[in-house]
Amino acid sequence: MAPSSQRFLFGGDQPWSPTNWTSSDDRVRGGSSYSTLTILPNNTVQFHGHLDITTLGGAGFAAQRTTDDLSWDLSDADGLELGIAGSDGKMYTLVLKDRLLPKRADGREQSTISWEYDFRTAGKAIVRVRWVDLRATYRGREADAEPLDLRNVKRISIMVRSFFGRQEGEFLLDIASIAAFHGDR
């Protein structure tokens, strides 16, 4: 086995900062879901809120994403590792983007390819996501796409969605860290 290494992007030896994160909920499409990212005293964050499926007819999502002034070169990593400190057991999604377009005239974001990985844990866990585990999507549907540009990752998001009515209501995910990893940790 090759030796492994880890570089914290958030948590661990890198403090979480509220200026690095913003909400991206279904309200941008007329929905009623909402999310908050609360920084806890132990350098952990709590992603929590309410996932509504009634307003948009079974659809719904709530997310926290990094702000547009951040980017990472992750070309030396094999993937990302999420240190989960606690969970309600709902299905969550890690989302990466390597391309952001200028906002539309009405202020909404233009859609681009997202790279997604769904995960569920009932409590404390390490969720390891290798680059090959990510699936390309466009507006929530799988899509053909060029490979993720790991030299230029422009956004990281944590999302909870309804999966068209399969989950709803209050949600809670405690995240201790997000780190790039290399090797077989």
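Note that the structure is predicted; figures quoted are calculated from it, not measured.
Note on Arg155 versus Asp68: salt bridge recorded, some NZ/NE/NH1/NH2 to OD/OE distance being below 4.0 Å. A salt bridge links Glu116 to Arg161: at least one charged side-chain nitrogen sits closer than 4.0 Å to a carboxylate oxygen. Ion pairing between Arg128 and Asp78 fails under the 4.0 Å rule for side-chain N and carboxylate O.
Leu134 and Phe163 are assigned to two separate hydrophobic clusters, defined by single-linkage of ILVMFWY side chains at heavy-atom distances under 4.5 Å. Under a hydrophobic clustering in which Ile, Leu, Val, Met, Phe, Trp and Tyr are joined whenever their side-chain heavy atoms come within less than 4.5 Å, directly or via other members, Leu94 and Leu150 fall into the same cluster. Hydrophobic cluster membership differs between Phe61 and Tyr117, with clusters built from Ile, Leu, Val, Met, Phe, Trp and Tyr side chains linked at under 4.5 angstrom. No continuous path of ILVMFWY side-chain contacts below 4.5 Å connects Leu37 to Leu172, so the two sit in separate hydrophobic clusters. A single hydrophobic cluster is not seen to contain both Ile84 and Val95; linkage of ILVMFWY side chains at heavy-atom distances under 4.5 Å, directly or through other members, places them apart.
Crowding of Arg151 atom CZ: a count of heavy atoms from other residues, nucleotides or ligands under 6.0 Å not exceeding 12. Residue Asn42 places its CG atom among more than 12 non-hydrogen atoms of other residues, nucleotides or ligands, all under 6.0 Å distant. The local environment of CD in Glu146 is sparse, with at most 12 non-hydrogen atoms from other residues, nucleotides or ligands closer than 6.0 Å.
At least one donor-acceptor pair under 3.5 Å links the side chain of Thr112 to the backbone N or O of Arg99. Panel note: side chain Ser35, backbone Ala63; a donor-acceptor pair is recorded below 3.5 Å. A donor-acceptor contact shorter than 3.5 Å is absent between the side chain of Thr36 and the backbone of Gly49. Checking side-chain atoms of Trp131 against main-chain N and O of Ala77 turns up a donor-acceptor pair under 3.5 Å. For Asp118 (side chain) and Thr93 (main-chain N/O), no donor-acceptor pair under 3.5 Å exists by modelled atom type. In terms of modelled atom types and a separation under 3.5 Å, the side chain of Asn20 and the main chain of Thr67 share no donor-acceptor contact.
Side-chain contact between His182 and Asp76 is absent, with no heavy-atom pair separated by less than 4.5 Å. You'll find the side chain of Ile178 reaches within 4.5 Å of the side chain of Trp16, heavy atoms only. Counting heavy atoms from C-beta on, the side chains of Phe119 and Asp133 never come closer than 4.5 Å. Under the 4.5 Å side-chain criterion, counting only non-hydrogen atoms from C-beta, Pro18 is in contact with Ile39. The shortest side-chain heavy-atom distance between Trp115 and Ile113 falls under the 4.5 Å cut-off.
Taking all atoms of both residues into account, the shortest heavy-atom contact from Gln6 to Ala179 is CG-CB, 3.5 Å. Phe181 approaches Val129 most closely through the heavy-atom pair CE2-O, 3.8 Å. Here the closest non-hydrogen pair linking Gly12 and Asn43 is O-ND2, 3.2 Å. Closest approach of Pro147 to Asp98, counting heavy atoms only: O-OD2, 4.1 Å. Heavy atoms only, all atoms of each residue included: Gly60 and Asp26 are closest at CA-OD2, 3.2 Å. Heavy atoms only, all atoms of each residue included: His48 and Thr38 are closest at NE2-OG1, 2.7 Å.
Between Arg65 atom CZ and Ile158 atom CD1 the span is 13.5 Å, to the nearest 0.5 Å. Atoms CE and CZ, on Met159 and Phe47 in that order, are 8.5 Å from each other to the nearest 0.5 Å. Separation of atoms OG (Ser157) and CH2 (Trp21) is listed at 7.0 Å; rounding is to 0.5 Å.
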### Task
Could you go through the side chain to side chain contact (heavy atoms under 4.5 Å, CB included) check for Leu80 and Leu9 one step at a time?
CA-CA 9 Å; Leu80 290 181; Leu9 307 178; 3.9 Å; yes
message: As a quick check of understanding, evaluate side chain to side chain donor-acceptor pair (under 3.5 Å) for Lys154 and Ser71, giving each step before the final call.
response: CA-CA 4 Å; Lys154 295 186 179 292; Ser71 65; 5.7 Å; no
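The aromatic rings of Tyr92 and Phe171 sit perpendicular, their planes meeting at an angle over 60°, well past the 30° parallel limit.
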